[in-house]
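Inspection log for the structure reproduced underneath, given as structure tokens.
Just so it is clear, the model here is predicted, and its values are computed rather than measured. A note on names: the letters A, B, ... follow the listed sequences, proteins ahead of strands, and every chain is numbered from 1.
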Number of protein chains: 2
Amino acid sequence: MNIGDVASFSGLPAKTIRYYEDIGLVQPLRSANGYRSFRQSDVHKLAFLSRARALGFTIEDCRSLLKLYADTERASSEVKQIATEHLARIDQKIAELTEMRATLAHLVDACAGDHRPDCPILADLAMMQEAN
Amino acid sequence: MNIGDVASFSGLPAKTIRYYEDIGLVQPLRSANGYRSFRQSDVHKLAFLSRARALGFTIEDCRSLLKLYADTERASSEVKQIATEHLARIDQKIAELTEMRATLAHLVDACAGDHRPDCPILADLAMMQEAN
DNA sequence: ATAAGGGTTCCACCTGCTGGAAGGTCAATA
DNA sequence: TATTGACCTTCCAGCAGGTGGAACCCTTAT
């Protein structure tokens, strides 16, 4: 399979697939003409990566997950730990964004948004200047 | 004011302040010895930037906001638009993360996380391989 | 023969900093 | 006065995770 086919199959751009090869996540063979030649297992790996990335796992997480995936003797606890840590990071991020959202929504709400220059958003961002 | 003082005052690392000068967000003067010399207005700008960045505005947003801030003739609608677009981006991000979180939490929940190799997390990530 | 549509490499760029090396400056102390 | 230590300076490199483009090769059809 050439890279274009793999791209449409895995949903990853060809550029990304080349990048994944660069950083050692996949090792496709090469045809006589120099084209990358992907085996079924490579395609599976890439689909795996595509899904893992879509769930927000970092590349390093993906590397670990692929290793565990390949090791049929792994303990599921190892996988669960990676996923649990990632879940905590997501929760953290959601909490941060939610707080930002609240503040920002409040400001947007307070701003008339008309032709006049008075703007609570700028006033809040400046704050210190207010005390001036 | 030297960069160290400004850093502790604005809450931004000195490195970041230098970077902000690099990209033209602030233009401090220079003392005879070559040290950056920050006026009150620079310090205010940096505090403004610090708050705007904490609310997740991009650097380019900040650039626009600073320009609007400096322009006492601005229409508040211009500010509101930037903030509203940013709010939408935040909502988008929260939605994505929330979906990720749901899927991941479901998987983590389903995984025994013990010494055995059976793992629904890997199984789900692989999917295609399942059909193999 | 040539044009279209694959593929290849390499290098630069994106966001928003951060770290480190190598050196200049300043105030206080031994 | 020498020297320490805490400042400051510049410049260069790197992080994640790709993306864009240039310049080129390969294959197939017309």
Inset, instruction - Please determine if a side-chain N or O atom of A:Arg18 lies less than 4.0 Å away from the OP1 or OP2 oxygen of D:dT19. - result: no
Inset, instruction - Please round to the nearest 0.5 Å and tell me the distance separating atom CZ of A:Arg36 and atom CD1 of A:Ile17. - result: 9.5 Å
Legend entry - Residue closer to the 5' end of DNA chain D, A:Thr16 versus A:Tyr35 (nearest nucleotide): A:Thr16
Inset, instruction - Select base, sugar-phosphate, or nothing to describe what B:Ile3 touches, counting heavy atoms under 4.0 Å on all strands. - result: sugar-phosphate
Inset, instruction - Have a look at B:Phe57 and say if it touches a base, only the backbone sugar-phosphate, or nothing, with a 4.0 Å heavy-atom cut-off. - result: nothing
Legend entry - Interatomic distance, B:Ile17 CD1 vs D:dT10 C1' [rounded to whole Å]: 17 Å
Legend entry - d(CG, B:Leu46; P, C:dG16) in whole Å: 16 Å
Legend entry - Nearest-Å distance for atom pair CG/P, residues B:Asp22 and D:dT10: 8 Å
Inset, instruction - Output the single nucleotide from D:dT9, D:dG17, C:dT8 whose closest atom is nearest the side chain of B:Arg36. - result: D:dT9
Legend entry - Whole-Å distance separating the CG atom of B:Leu49 from the P atom of C:dG16: 12 Å
Legend entry - A:Phe48 side chain reached by B:Leu122 side chain, heavy atoms, under 4.5 Å: yes
Inset, instruction - Check the distance between D:dC26's C1' and A:Asn2's CG and give it to me in whole angstrom. - result: 11 Å
Inset, instruction - Using a cut-off of strictly less than 4.0 Å, decide whether A:Arg30 has a side-chain nitrogen or oxygen near OP1 or OP2 of C:dT9. - result: yes
Inset, instruction - Nearest-nucleotide wise, let me know which of B:Ala32 and B:Glu60 is further upstream toward the 5' end of DNA chain C. - result: B:Glu60
Legend entry - First encountered from the 5' end of DNA chain D, between B:Lys15 and B:Asp5: B:Asp5
Inset, instruction - Just compare C:dT9, D:dG17, C:dT25 and give me whichever is closest to any side-chain atom of B:Asn33. - result: C:dT25
Legend entry - salt_bridge(B:Arg18, B:Glu21) N-O dist < 4.0 Å: no
Legend entry - Check: A:His44 and A:Tyr69 side chains under 4.5 Å, non-hydrogen atoms: no
Inset, instruction - Taking only the side-chain nitrogens and oxygens of B:Tyr19, find out if one of them lies under 4.0 Å from OP1 or OP2 of C:dT15. - result: no
Legend entry - Path from B:Leu66 to A:Leu125 over hydrophobic side-chain contacts below 4.5 Å: yes
Legend entry - Rounded distance in Å - CZ (B:Phe38) to C1' (D:dC8): 11 Å
Legend entry - Nearest-angstrom distance from the residue atom NE2 of A:His86 to C1' of D:dA16: 14 Å
Legend entry - d(CG, A:Leu25; P, D:dG17) in whole Å: 10 Å
